[in-house]
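Below is one structure, written out as structure tokens, with a few remarks after it.
Being a predicted model, the structure only gives us computed values, none of them experimental. Positions are given from 1, in the same order as the sequence printed here.
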Amino acid sequence: MADTLDIKYINPFLKATVTVFEMLGITGATIGKPSIKDLDFPADTFLIQVGVTGAMKGQVFFELKDNKAMSVASTMMMGMPVTSLDPMACSALQELGNMILGNTSTLFSTQGIIFDITPPLSMHGDKLKIQTEVPAISIPVMVGGEEHIRLYIAVCENKDNK
């Protein structure tokens, strides 16, 4: 198994997440305590997966509980009511992953770090379990004192790209 990402590279992911939330009108986001966690998800879980290539490689996952996913999808669709995670809602949530990782890519580029992303993939279900090459750093993002979204950063430096 590969090493986890050096902690100095985590802040761009977090800054991009908070920035995109603010762009969407979701204000007051705070970052919770990071930990290493398995990618083993309970019922009512919606995941967005975005691959990372370039100077780093791996996967980033965004976990939302179904009710939060529908709320965020509604926000992404200018307040249109979302009562199920249908293809339109999934597309909006995938775009959230694009926006956050696109902003992350921009932040890394200002440091001279090549950081590319793959198209997002969404997953929804009960008892999802995912294996990655790299241990996942799990970081909750809180809004109004409760968890809004959780990032799982399973990324390491790409030694083949140096």
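Using a 3.5 Å distance cut-off with no hydrogens or angles, the side chains of Q59 and T132 do not pair a donor with an acceptor. Judged purely by distance below 3.5 Å, without hydrogens or angles, the side chains of D66 and H124 pair a donor atom with an acceptor atom.
A continuous path of Ile, Leu, Val, Met, Phe, Trp and Tyr side chains, each step under 4.5 Å between heavy atoms, connects L101 with M56, placing both in one hydrophobic cluster. Residue M142 is not grouped with residue V18 when hydrophobic side chains (ILVMFWY) are merged at heavy-atom distances under 4.5 angstrom, including chains of intermediate members. In the hydrophobic clustering of ILVMFWY residues, with side-chain heavy atoms under 4.5 Å counting as a link, V155 and L121 come out apart. Criterion: ILVMFWY side-chain heavy atoms under 4.5 Å apart, direct or through other members. Under it, I114 and L107 are not part of a common hydrophobic cluster. No path of Ile, Leu, Val, Met, Phe, Trp and Tyr side chains, each step under 4.5 Å between heavy atoms, connects I100 with L39, placing them in separate hydrophobic clusters.
Taking CG from L85 and CG from D44, the interatomic distance works out to 9.5 Å, rounded to the nearest 0.5 Å. I153 CD1 to L14 CG: the interatomic distance, rounded to the nearest 0.5 Å, is 5.5 Å. Rounding to the nearest 0.5 Å places NZ of K15 at 15.5 Å from CD1 of I10. One distance of note links NZ of K65 with CD1 of I149; it measures 12.0 Å at 0.5 Å rounding. The CE atom of M123 sits 9.0 Å away from atom CZ of F46, with the distance rounded to the nearest 0.5 Å. Remark: D40 CG to L128 CG distance equals 9.0 Å, nearest 0.5 Å.
Side chain of S138 to main chain of I36: no donor-acceptor pair is present (N/O by atom type, distance under 3.5 Å, no hydrogens or angles). A distance-only check finds a donor-acceptor pair linking the side chain of S109 to the backbone of T106 [under 3.5 Å]. Remark: the backbone N or O of F41 is not paired with any side-chain donor or acceptor of T45 at under 3.5 angstrom.
Of all heavy-atom pairs spanning V141 and A29, the tightest one is CG1-CB, 4.0 Å. Taking each heavy atom of V82 and M70 in turn, the nearest pair found is CB-O, 3.6 Å. Closest non-hydrogen pair, I139 versus P34, comes out as CG1-CB, 3.9 Å. What you find for A92 and A73 is that their closest heavy atoms are CB-O, 4.3 Å. Nearest heavy atom pair, residue I48 against residue P120, reads CG2-CB, 4.3 Å. Closest heavy-atom contact between A16 and N103: CB-CB, 3.6 Å.
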Open item on the list: What verdict does the side-chain contact (heavy atoms from CB on, under 4.5 Å) test give for H148 and V72, after you've listed the backbone C-alpha separation in whole Å, the side-chain angles of each residue and the deciding distance to 0.1 Å?
Closed with: CA-CA 9 Å; H148 206 75; V72 171; 3.6 Å; yes
Task: L47 vs I130, side-chain contact (heavy atoms from CB on, under 4.5 Å): CA-CA, chis, key distance, verdict - done: CA-CA 11 Å; L47 290 177; I130 299 169; 3.6 Å; yes
Open item on the list: What verdict does the side-chain hydrogen bond (donor to acceptor under 3.5 Å, both in side chains) test give for Q94 and S122, after you've listed the backbone C-alpha separation in whole Å, the side-chain angles of each residue and the deciding distance to 0.1 Å?
Closed with: CA-CA 6 Å; Q94 289 172 343; S122 62; 3.0 Å; yes
- [ ] In sequence, state the C-alpha distance, the side-chain angles, and the governing distance for M76 and M99, and then conclude on side-chain contact (heavy atoms from CB on, under 4.5 Å).
- [x] CA-CA 11 Å; M76 296 287 299; M99 291 170 69; 3.7 Å; yes
TODO: In sequence, state the C-alpha distance, the side-chain angles, and the governing distance for T53 and N158, and then conclude on side-chain contact (heavy atoms from CB on, under 4.5 Å).
DONE: CA-CA 8 Å; T53 64; N158 188 356; 6.0 Å; no
Open item on the list: Go through it in stages, so that I can follow the logic: the residues are Y152 and F13, the test is ring-ring contact (aromatic ring centres under 6.0 Å, His included), and I'd like the CA-CA distance, side-chain angles, deciding distance and then a yes or no.
Closed with: CA-CA 10 Å; Y152 292 86; F13 292 94; over 10 Å; no
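E146 and K68 are joined by a salt bridge, as a carboxylate oxygen and a charged side-chain nitrogen come within less than 4.0 angstrom of each other.
Contact check for R150 versus K37: side-chain heavy atoms found under the 4.5 Å cut-off. Counting heavy atoms from C-beta outward, I117 and V60 have side chains that stay 4.5 Å or more apart. Annotation: side chain of S91 is not in contact with side chain of M77 (no heavy-atom distance under 4.5 Å).
Counting heavy-atom neighbours within 6.0 Å of M23 CE, excluding the residue itself, gives a total above 12. For K33, the NZ atom is loosely surrounded, since the number of other residues' heavy atoms within 6.0 Å does not exceed 12.
Judged as a ring-ring contact (aromatic ring centres under 6.0 Å, His included), not a single pair has a partner in residues 53-74 (not counting sequence neighbours).
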